[in-house]
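Here the structure is a predicted model, which means the values were calculated and not measured. Each chain gets a letter, A, B and so on, in the order its sequence line appears, and its residues count up from 1.
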2 protein chains.
Amino acid sequence: MVWVTGFYTLAETEKTIEGRLSGLEIDFTSQAAIANLYRAANSVRKYFSNTVLRSNDLSWTGFVVLWVVWIWPGIEVRHAAEEAGISKSTLSGVVRTMEGRSLMRRRIDPVDRRLVHLELTDEGDRMMVDLFPRFNGEEAFAVSPLNAKKVQELTRSLKAIVAHLEANMPESTGD
Amino acid sequence: MVWVTGFYTLAETEKTIEGRLSGLEIDFTSQAAIANLYRAANSVRKYFSNTVLRSNDLSWTGFVVLWVVWIWPGIEVRHAAEEAGISKSTLSGVVRTMEGRSLMRRRIDPVDRRLVHLELTDEGDRMMVDLFPRFNGEEAFAVSPLNAKKVQELTRSLKAIVAHLEANMPESTGD
DNA sequence: TGGATATGATTCGTATCCGAAAGAATAAGG
DNA sequence: CCTTATTCTTTCGGATACGAATCATATCCA
């Protein structure tokens, strides 16, 4: 975070941290990795929000949810939340927003009436067909400072972290 | 996202995307990198929120703000927001929360009364002294599936993406 | 079959989160 | 000086964000 791009320089920050933590054993390598992971995700979300997504007045999460439903029409709510990486309660609110903008629809399962299926409206579908290629273009732009091999290595490392944390996630009661 | 851990597999997802975009070329490598970056940041935030941070009833953002002010006592609001990677308006709310919990203080600059300096209370300082080593321990745990070289490579790649996007970020009017 | 149990989605309360607008103070330029 | 512009923070409105509680439906099993 601080030592990435901010007002204070990398050297300043690391020195200050070490000063503040003298006597404590700190793993600075791991810290730098997690801090930059957080920072990078923030930059990506902000960049996409201010470029491709702004033109369609979509938030990052709104786009992700739209994308999930676009790829998997009729997906059930709990699966959509899992795929989008948000809680069911958050998804519920986002779907409400998307319904209000006529981009998405709820459909109650006729057999098991507890289940709710999600699908895009024609308008939502048209938006994604137009938007996704531009979104993907920005994805390519975002990783363009890395060569193909480094991009794949990055993906591998990120997947390893996700798998590791998912496997060790303390179970949360419910959402 | 979808192809990381979810209900559907990578192969399924890619085929579906291709079907939806017949004729258009999609850069799946870049897409996987960005999607996993987003997913990893989510996992990390969730994992830390449910382990070390839960014990002190802190949100991820709350911790980051506390950390920034801990490292840079007396930091001005706009710089703290920049360092924490959030907008000034968001920071304002978080500081209000932290003030209410007696962890942080505002101090108006006596010379330039527009400026507000932030600093931890003694209680906030004690919390960070106790919390940060445990937080750092979890950081090391999070990246433990990677060897030291891969962690540094990951950090390098993430920094490159951040620098690239920051350099190309469309200026936002104000926050 | 009918009460207990389980499963799904939504609602509720509270805390982020952002951009735009407002509010407060300083700086600039005649 | 004193208007105007600039800088800095906060407030406001609306959308995300989560966990807990609630509501609705389905399943279990005696």
With DNA chain D as reference, determine whether A:Val111 or A:Lys88 sits nearer its 5' end, using the nearest nucleotide of each.
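Looking at the nearest nucleotide for each, A:Lys88 comes out on the 5' side.
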Name the residue closer to the 5' end of DNA chain D, choosing between B:Thr90 and B:Lys46 according to the nucleotide with the nearest heavy atom.
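Comparing both residues, the 5'-ward one is B:Thr90.
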Between A:Leu91 and B:Ile86, which residue's closest nucleotide on DNA chain C lies nearer the 5′ terminus?
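Its nearest nucleotide being more 5', the pick is A:Leu91.
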Select base, sugar-phosphate, or nothing to describe what B:Ser59 touches, counting heavy atoms under 4.0 Å on all strands.
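Sugar-phosphate, no base atom in range.
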Kindly list each side-chain donor-acceptor pair under 3.5 angstrom involving residues 111-120 of chain A, sequence neighbours excluded, with atom names and distances?
{"unit_1": "A:Asp112", "atom_1": "OD1", "unit_2": "A:Arg114", "atom_2": "N", "d": "3.1"}
{"unit_1": "A:Asp112", "atom_1": "OD1", "unit_2": "A:Arg114", "atom_2": "NE", "d": "3.1"}
{"unit_1": "A:Asp112", "atom_1": "OD2", "unit_2": "A:Arg114", "atom_2": "NH2", "d": "3.0"}
{"unit_1": "A:His117", "atom_1": "ND1", "unit_2": "A:Gly74", "atom_2": "O", "d": "2.7"}
{"unit_1": "A:His117", "atom_1": "NE2", "unit_2": "A:Asp109", "atom_2": "OD2", "d": "2.8"}
{"unit_1": "A:Glu119", "atom_1": "OE1", "unit_2": "A:Arg107", "atom_2": "NE", "d": "3.3"}
{"unit_1": "A:Glu119", "atom_1": "OE2", "unit_2": "A:Arg105", "atom_2": "NE", "d": "3.3"}

Starting the side chain at C-beta, find the nucleotide from [options] nearest to [X].
X	options	answer
B:Ser89	C:dC18, D:dC8, D:dT10	C:dC18
B:Arg113	C:dT10, C:dA25, D:dA17	C:dA25
A:Ser92	C:dT10, D:dT10, C:dA9	C:dT10
A:Thr61	D:dT16, D:dT7, C:dT10	D:dT16
A:Arg45	C:dC18, D:dT16, D:dG19	C:dC18
B:Val77	D:dT10, D:dT25, C:dG19	D:dT10

For the helix from C:dT1-D:dA30 to C:dG30-D:dC1, measure the angle between the helix axis at one end and the axis at the other, each built from five pairs, rounding to 10°.
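What I find for the helix from C:dT1-D:dA30 to C:dG30-D:dC1 is an axis angle of 0°.
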Residues of residues 94-110 of chain B with any non-hydrogen atom less than 4.0 angstrom from an atom of DNA chain C: list those, numerically ordered, please.
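The answer is B:Val94, B:Thr97.
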Testing A:Lys149, A:Lys150, A:Arg156 for salt bridge (Lys or Arg N to Asp or Glu O under 4.0 Å) with A:Glu153, which one passes?
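Output: one option passes, namely A:Arg156.
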How many Å lie between CG on A:Leu58 and P on D:dG14, as a whole number?
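In whole Å, D:dG14 P lies 19 Å from A:Leu58 CG.
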Count the heavy atoms belonging to other residues, nucleotides or ligands that lie under 6.0 Å from CG of B:Asp122, then report whether that count exceeds 12.
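Incorrect, the count does not exceed 12.
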Salt-bridge criterion met for [X] and [Y] (N-O under 4.0 Å):
X	Y	value
A:Arg101	A:Glu123	no
A:Glu83	A:Lys88	no
B:Arg126	B:Asp130	no

Begin from the C-alpha positions of B:Phe135 and B:Trp67 and carry the test ring-ring contact (aromatic ring centres under 6.0 Å, His included) through to its verdict.
CA-CA 11 Å; B:Phe135 188 90; B:Trp67 186 87; 8.8 Å; no
Examine C:dA24: is either OP1 or OP2 under 4.0 Å from a nitrogen or oxygen in the side chain of B:Arg114? Give yes or no.
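Indeed not, no polar side-chain atom of B:Arg114 lies that close.
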Assess whether side-chain hydrogen bond (donor to acceptor under 3.5 Å, both in side chains) is satisfied between A:Arg45 and A:Asn42, documenting all intermediate values.
CA-CA 5 Å; A:Arg45 189 173 41 69; A:Asn42 253 353; 2.6 Å; yes
